[in-house]
Amino acid sequence: MSKTKITSVVGGEPVDGGRTVASTNPARTADVVGEVAFADAATFVRAAESAKAAQRDWAAVPAPIRGRAIAHIGRLVEDNKEALARLVTAEIGKPYAEALGEVQEIVDTCDFFLGEGRRLYGQTVPSEMPDKQLFTHRVPVGAVAVITAGNFPVAVPSWYIVPALLAGNTIVWKPADYSPVVSAAFHEIFVRGGGLPAGVFNLIFADGEQTFAGLEQSLERGLIDKIGFTGSSAVGREIGALAGRHLQNACLELGGKNPLVITPNADLDLAVEGALFSGFGTAGQRCTSLGTVIVHESVHDEFLARFGKAVEAAKIGDPTQDVLMGPMLDQKFADRYEEYLGWIKPHHTVIGPTGRVTADNPRSGFAGDPAAGLFYHPAVVDGVRADDQLFLEETFGPIVGVITYRDLDEAIDLANRPGYGLSSAIYTTDPQEAFTFRNRIGAGMVSINNSTSGAEAHLPFGGNGKSGNGSRQSGVWVLDQFTRWQSVNWDYSGRLQKAQMDTVEL
Ligand code: UN1
């Protein structure tokens, strides 16, 4: 693949200069996919100025016409689906079938919101007084800063950018630093497909420090009206605090330690399949990835035997082939996996080989050349305890813990204990167990007889506790993030009618 030079785009113009960083293919780390020029805080502020300046005209475009722009974007993404998916696979090592699914999520999001341009409903509301009418309108929030992670380099940004544009907002997007080539391709499709005027959708590549400084300065100058952030809980806290200091409420989609409960009434084969996919799909690097299996003690041994076998048989390796698990997305996540293993191994039973896949530490049936990339063994850790670091913290890697329980109360207590609250799952054929779990789990998303991963574009997505501040994306619900309600009070009585004082009595 030829090297591409990627830059930020502010007000429709590329911004070169600054430090240049190479983006490599995690499945073949010697391959440079592209080079990206990192911008500084001042460039971020210029992007915010540009978004702010373009917002009034963009909001003046009738919503159905903005919906049509979203429709064109969706079609262009669909026309370029394979090419974009191949780029996702090349730059972050996501297996190609998953990458295709990820690109499809943009199409689904566009499909949903193109019609929303013709709805974007407000209400008519009766007044306490005669000859007076009350209305509500959704109005755009203004210029939105979108900061996203690289594990879903195109689907998750579209969850913010599509509804925000549809609702009449303009954007400064700062994607993850390890997926710049995919991000630039996404930006290009959106600007071209939607015919977006300059300044409506700005793209900034920058490191965390410059981004934070640029964001802070933009907030101080009133240039950014809303922040959407997907990433770790630690950075989410900082973003949330920064937003709060400016009396804003950020849309935060953070980490998860997602539990999967297996009751004695579960279909065990189905549970094994669900645990395998959500534990090791995307090499465990989804915010919705499985953290801990909470299994009833009576079925623990049988589950573990079947799960162990399934993990051993799973295809791992070259993400352009048909594999369950490709490489780690980036060196920093590989390092973290190693760090966790160093902590886990002295204390726990780990099933099968762990660590990096090498000639000395092989993986049977490995697809391709393990030495070429950031390939690791999937780790299943038995005998986890409720006060273990592994039980309490997100690992963002292919590590699944297993803990046992005695009754459903204990299982639910364990599922809630880490204090995250993104996704969760229960495997049971007993509806009573399923509904008790649904009723008492603290997570924003609950799967019954399905894995913890696998959001759909029209169902609310989001978490509670350490997983977010209760904001929700997807479907109509996300419009509450990117619009504000305006109340209109229209008096046609020709006199001053005072609320409460002139209220009509029966
Ligand atoms: C994320 O990992 O940030 O539900 C989002 C899922 C995905 C989205 C995950 N479609 O697994």
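Note that ligands are numbered from 1 as they come in the structure, with each ligand's atoms numbered from 1 the same way. Here, residue 1 is the first one in the sequence, and each next residue gets the next number.
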So the atoms of ligand 1 within less than 4.0 Å of a heavy atom of Trp159 turn out to be 8 (C)

Result for side-chain contact (heavy atoms from CB on, under 4.5 Å) between Gln285 and one of Asp330, Ile92, Leu329 points to Leu329

- For Tyr178 and Gly150, indicate whether the former's side chain and the latter's backbone hold a donor-acceptor pair under 3.5 Å. yes

query = For Gly454 and ligand 1, does the shortest N/O to N/O distance drop below 3.5 Å?
reply = yes

_Checking the N or O distance criterion of under 3.5 Å, is ligand 1 in contact with Gln285?_
no

- So, is Ala455 polar-close to ligand 1, with some N/O to N/O distance under 3.5 Å? yes

- Hey, is Asp335 close enough to Lys332 for a salt bridge, meaning N to O under 4.0 Å? no

* Asked: Considering distance alone, does some N or O of Thr230 sit under 3.5 Å from an N or O of ligand 1?
  -> no

When the aromatic ring centroids of Phe38 and Phe205 are compared, is their separation below 6.0 Å?
no

Does Glu253 come within less than 4.0 Å of Arg472, counting only side-chain N to carboxylate O?
no

Item checked: Contact check, Glu102 vs ligand 1, heavy-atom distance below 4.0 Å -> no

*Close N or O approach (Asn151, ligand 1; < 3.5 Å)*: yes

So the atoms of ligand 1 within less than 4.0 Å of a heavy atom of Glu105 turn out to be 10 (N)

When distances are taken from atom 7 (C) of ligand 1, the protein heavy atom at minimum range is Phe152 CZ, 3.5 Å

Query raised in the report: Can we call the ring centroids of Trp173 and Tyr160 under 6.0 Å apart?
Result: no

Honestly, for Glu253 the part within reach of ligand 1 (heavy atoms, under 4.0 Å) is neither

Note: Phe277, heavy atoms under 4.0 Å from ligand 1, region reported as neither

Q | Residues Tyr337, Phe333; criterion ring-ring contact (aromatic ring centres under 6.0 Å, His included); working and verdict | A | CA-CA 6 Å; Tyr337 168 97; Phe333 302 122; over 10 Å; no

Would one find an N or O of Cys287, backbone or side chain, under 3.5 Å from an N or O of ligand 1?
yes

*Are any of the side-chain heavy atoms of Phe437 and Thr428 separated by less than 4.5 Å?*
no

